[in-house]
**Student:** 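What follows is a single structure, and I will ask about it in a moment.
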Amino acid sequence: MPKAQTIAAVDIGGTKIAVGIIGANGKVLSKLQCPTDADQGYAKALDRIVKMIRELTAAPGHGVDGIGIGSTGPVYPLTGEIGDVNFLPGWEGENPVRDLERVFRVPVAIENDADAAALAEAGWGAGKNKQRLLYVTVGTGIGGGIILDGRIYRGVDHAHPELGHHLIDPSGPQCLCGFPGCWESLAAGPAMVNWVEANSSSDYPHRANLNAKRICELAREGDALALRAVQRETRYLGLGLANLVTLFAPDAIVLGGSVMKSASLFLEGIRGIVRESCRFVPFEKTEITLASLGEDANLIGAARVWHHRFTSGGEHAS
Ligand SMILES: [Zn+2]
């Protein structure tokens, strides 16, 4: 079994691909990125990934022991294939694990990027030493990963559970998942924008270029409508997290994603809702905390994917 381990990490997102070299302690030693340009096809993206890894490992003594990939999903972690991914049209069935193994002749592993970030926070971040950890990312969508005893919880057929798509309010907007009023449809960044647009008059001065970050800034400046939007967001974030606390009674829930950069507006309210709603479980023992790995969480997570697969017990298709 390999040990020691400098890993090349590949983070495949809808808009950009980042590649980094990650040391054994989770430190990013060097990194590069390029646009995904998904429409130009998988083969060209693979070429760019190979070139970036070669550039980062060109100097003598800069070889890597393996390659870990975190990708926008769905992906099939144990075969290495990319599934039917919205942001990667035409890439379904392609297999970056097989292709990178062929080029670099080192072990390669892939996971959904939310599971990758969850592994990173569990191994090297805010969830360190937590036995039962949920990682939740709130941005343009809501996703997450479940880590039990350091291992990714997988569903049937190795499926990735969708923490962002449980029902909150059946009178809410229809989501592609099938539910009307699932958590993502009500509490992801775009839901904040949609609500402000629907509830502002045509002369509301901030209608142009609204996004969740801007709404949070306006709330801090005292804008009445933005404050109501933040209240609504707090309520829906709190209800979703309270459901997770009740269903899983985890040691910790680690919150990441772009909306959580404004977490100070929401956290106190969220904790209040959990207190009111989770009386059948020891909610006060569930730590609700912020992700600690920052901008590089997905890249660090991709390296952690390799460690998760090939060290500490390993995991095999069977
Ligand atoms: Zn949904």
Side-chain angles (χ1 to χ4, degrees), residues 12-15 38 70-77 82-89 91-92 111-118 133-147 152-199 210-213 215 229-248 250 253-260 262-263 266 269-270 273-274 277-278 288 291 298:
I12 303 175
T15 55
S71 174
T72 179
V75 298
Y76 298 98
I82 290 173
D84 181 10
V85 185
N86 263 348
F87 302 113
L88 306 175
W91 291 32
E92 187 173 4
E111 299 288 351
N112 172 301
D113 53 6
D115 278 331
L133 175 88
L134 304 188
Y135 170 79
V136 174
T137 172
V138 185
T140 51
I142 298 183
I146 304 168
I147 308 293
I152 295 173
Y153 169 83
R154 300 191 196 281
V156 63
D157 197 24
H158 311 297
H160 170 77
E162 292 292 346
L163 297 181
H165 296 274
H166 62 270
L167 187 127
I168 297 283
D169 176 357
S171 68
Q174 183 67 43
C175 176
L176 289 174
C177 72
F179 276 132
C182 72
W183 195 21
E184 174 173 302
S185 76
L186 291 165
M192 282 185 92
V193 176
N194 293 342
W195 184 87
V196 169
E197 283 175 352
N199 288 278
L210 268 184
N211 56 34
K213 184 180 169 205
I215 294 167
V230 163
Q231 255 175 20
R232 175 185 176 275
E233 176 71 7
T234 303
R235 174 97 187 125
Y236 284 133
L237 285 175
L239 288 174
L241 289 167
N243 281 345
L244 297 184
V245 170
T246 296
L247 288 169
F248 293 94
I253 300 181
V254 176
L255 300 170
S258 58
V259 171
M260 283 303 150
S262 306
F266 310 118
I270 286 171
I273 292 166
V274 167
S277 317
C278 304
I288 296 177
N298 279 22

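When a ligand or atom number is given, it counts from 1 through the structure's own listing order.
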**Student:** Sort by chain and number the protein N/O/S atoms that are closer than 2.8 Å to the Zn ion (ligand 1), and list them.
**Tutor:**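 Checking every protein N, O and S atom gives H165 ND1, C175 SG, C177 SG, C182 SG.
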
**Student:** Among residues at least two apart in sequence or on other chains, which ones pass ring-ring contact (aromatic ring centres under 6.0 Å, His included) with W195?
**Tutor:**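 Partners of W195 by the ring-ring contact (aromatic ring centres under 6.0 Å, His included) criterion come out as none, since no residue qualifies.
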
**Student:** Please check this pair: side chain of E111 against backbone of A116, looking for a donor-acceptor N/O pair closer than 3.5 Å.
**Tutor:** no

**Student:** Does the W91 side chain pair with the main chain of A38, one donor and one acceptor, at a distance under 3.5 Å?
**Tutor:**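 Yes, because the side chain of W91 sits within donor-acceptor range (under 3.5 Å) of the backbone of A38.
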
**Student:** S277: what forms a side-chain contact (heavy atoms from CB on, under 4.5 Å) with it, not counting sequence neighbours?
**Tutor:**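 Listed in chain order: A242, I273.
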
**Student:** List in chain and number order the residues that pass side chain to side chain donor-acceptor pair (under 3.5 Å) with S171, two or more places apart in sequence or in another chain; answer none if no residue qualifies.
**Tutor:** D169

**Student:** Measure the spacing between CG of L244 and CH2 of W183 and express it to the nearest 0.5 Å.
**Tutor:** 5.0 Å

